[in-house]
There are 2 protein chains.
Amino acid sequence: MPTVSSEELAAAAGVNSAKLRKDFSYLGSYGTRGVGYDVEYLVYQISRELGLTQDWPVVIVGIGNLGAALANYGGFASRGFRVAALIDADAAMAGKPVAGIPVQHTDDLEKIIKDNGVSIGVIATPAGAAQQVCDRLVAAGVTSILNFAPTVLSVPDGVDVRKVDLSIELQILAFHEQRKAGEEAASDGAGPAAVTREESARSADQGPDGDVPAVMPA
Amino acid sequence: MPTVSSEELAAAAGVNSAKLRKDFSYLGSYGTRGVGYDVEYLVYQISRELGLTQDWPVVIVGIGNLGAALANYGGFASRGFRVAALIDADAAMAGKPVAGIPVQHTDDLEKIIKDNGVSIGVIATPAGAAQQVCDRLVAAGVTSILNFAPTVLSVPDGVDVRKVDLSIELQILAFHEQRKAGEEAASDGAGPAAVTREESARSADQGPDGDVPAVMPA
DNA sequence: ATGTCTTTGTGAACGCGTGCACAAAGATGG
DNA sequence: CCATCTTTGTGCACGCGTTCACAAAGACAT
């Protein structure tokens with residue numbers, strides 16, 4: 001039986017082994033003392049807890065460049081997502097296939113949601129249309145929305161919204177870039193706002209995690 | 001002189017006023033006791049600290065659907081970013097304009113970077129090409145990379161990489177969705193892994209912040 | 001069976017970020 | 001010029017998440 005110890009996993013992931021064990025313990029996934037975790041069972045447990053074993057039908061509304069990019073994105077299928085439908089307001093696009101899936105018109109939005117049992121919607125429309133689309137999705141039964149439009153959506157309680165702003169990541173890079181450039185100039189110790197830049201402990205940090213606090217950067 | 005108090009700002013932003021003041025104090029931006037912060041000066045200070053007053057030329061490599069979507073994205077200009085060039089490996093695309101900018105061939109990558117003084121690169125290529133493109137960008141002088149390809153890039157020290165995985169946000173939504181569905185079923189108290197789901201204190205949280213820890217969800 | 005050795009699971013301590021509460025500072029009015 | 005009032009800037013305490021450290025548990029050898 002192939003197994004891994006928490007120590008091995010922690011080293012590979014770059015995290016603390018105790019934290020990893022504690023996290024696993026919340027899952028109820030029992031390892032074997034003196035041996036480690038059964039790899040196959042562990043994978044199954046985590047997959048199930050994360051919802052990877054389920055089939056999540058999603059609809060993408062707004063088939064412009066971004067919507068098309070999302071429809072073509074390969075990473076979805078392996079994580080349990082299935083693009084159930086593509087929806088666009090442009091009647092000229094109706095019927096045309098994108099990524100092998102025919103585009104349907106906004107008029108049929110409600111029917112599409114219900115027929116496919118969709119609970120997750122992706123909004124890739126222009127900013128002006130986003131709230132309206134959102135309202136219709138919610139009314140049709142969608143309870144989770146991924147919003148790429150540069151608008152903050154208002155939704156009733158019980159509906160989750162996650163906003164993806166593609167320029168924020170660039171912003172963060174630019175901020176660090178500025179610090180790099182200003183470092184030698186700032187080393188004279190003068191000037192206000194001489195916020196010291198601490199190097200990230202984990203050099204391999206490539207995630208969208210809280211490097212930069214809500215109001216002010218670290 | 002138009003001013004704002006930390007209290008007003010905090011209420012508007014949905015954060016604690018003391019934290020806001022403390023953050024501002026790191027900036028060295030002085031408010032006036034009894035009055036508040038001079039709006040104009042504050043905007044200038046924050047803009048400058050965040051790099052919004054600078055001009056950041058960026059190149060986008062890989063002009064597929066996603067690259068085109070990024071080139072067309074309106075949010076960049078207002079944040080100090082300027083798309084200096086679009087680069088693609090497909091010779092047939094060379095010269096064709098996308099979002100009003102002619103696509104250039106990968107062969108000229110190094111020259112483009114140097115001529116425009118680019119320090120930030122965006123990779124929107126297929127996974128297979130990403131590392132190679134990354135290496136060339138870095139060799140040409142790029143020190144910050146925004147990576148949309150589903151690969152972890154390895155870069156030398158001093159180069160910042162941020163990876164954007166479009167499916168991760170969906171993953172998080174699906175996870176919450178699963179919890180919603182499983183809540184009534186789990187209320188019988190039986191079964192392992194009955195991790196309680198606490199409602200987010202801030203209902204308006206739409207950001208890509210650490211809702212879900214590295215290894216296990218909250 | 002008994003002992004040793006490895007690795008888990010977890011109680012307890014540590015550290016850090018957030019929020020409270022208040023003194024200092026400056027404006028404003030008499 | 002003094003009193004009062006507002007709002008900042010910040011020391012301090014609280015709470016939460018991470019890490020340490022160790023006892024319990026099981027495998028494996030003798």
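Given the structure is predicted, the values throughout are model-derived calculations rather than measurements.
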J.: Checking side-chain polar atoms at under 3.5 Å, does T143(B) have a donor or acceptor matched by the opposite partner on E177(A)?
T.: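 Per modelled atom types, T143(B) and E177(A) side chains form a pair under 3.5 Å.
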J.: If you look at every heavy atom in L70(A) and F76(A), which pair is closest and at what distance?
T.: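 Shortest heavy-atom contact: O-CE1, 3.3 Å.
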J.: Starting from C1' on dG17(C), measure out to OH on Y26(B) and report it in whole angstrom.
T.: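 Atom-to-atom, Y26(B) to dG17(C), this comes out as 9 Å.
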J.: Could you tell me which non-hydrogen atom of L52(A) sits nearest to which non-hydrogen atom of Q171(B), and how far apart they are?
T.: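 In this case the closest contact between L52(A) and Q171(B) is CD1-NE2, 2.8 Å.
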J.: Report yes if the side chains of Y37(A) and R21(A) come closer than 4.5 Å at any heavy-atom pair, otherwise no.
T.: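 SC-SC contact between Y37(A) and R21(A) confirmed.
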J.: In whole angstrom, what separates N16(A)'s CG from dG17(D)'s C1'?
T.: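 To the nearest whole Å, that distance equals 12 Å.
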J.: Tabulate protein N/O versus nucleotide N/O from nucleotides 7-11 of chain D, keeping only pairs under 3.5 Å, one per line.
T.:
{"residue": "dT7(D)", "atom": "O4'", "partner": "G34(B)", "partner atom": "N", "Å": "2.9"}
{"residue": "dT7(D)", "atom": "O2", "partner": "G34(B)", "partner atom": "N", "Å": "3.4"}
{"residue": "dT8(D)", "atom": "OP1", "partner": "S6(B)", "partner atom": "N", "Å": "2.7"}
{"residue": "dT8(D)", "atom": "OP2", "partner": "S6(B)", "partner atom": "OG", "Å": "2.7"}
{"residue": "dT8(D)", "atom": "O2", "partner": "R33(B)", "partner atom": "NH1", "Å": "3.2"}
{"residue": "dG9(D)", "atom": "OP1", "partner": "G31(B)", "partner atom": "N", "Å": "3.0"}
{"residue": "dG9(D)", "atom": "OP2", "partner": "Y37(B)", "partner atom": "OH", "Å": "2.7"}
{"residue": "dG9(D)", "atom": "O4'", "partner": "R33(B)", "partner atom": "NH2", "Å": "2.9"}
{"residue": "dG9(D)", "atom": "N7", "partner": "R21(B)", "partner atom": "NE", "Å": "2.8"}
{"residue": "dG9(D)", "atom": "O6", "partner": "R21(B)", "partner atom": "NH2", "Å": "3.0"}
{"residue": "dG11(D)", "atom": "O6", "partner": "K22(B)", "partner atom": "NZ", "Å": "3.3"}

J.: Going by heavy atoms in the side chains, are I60(A) and I87(A) under 4.5 Å from each other?
T.: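 No; the side chains remain at least 4.5 Å from each other.
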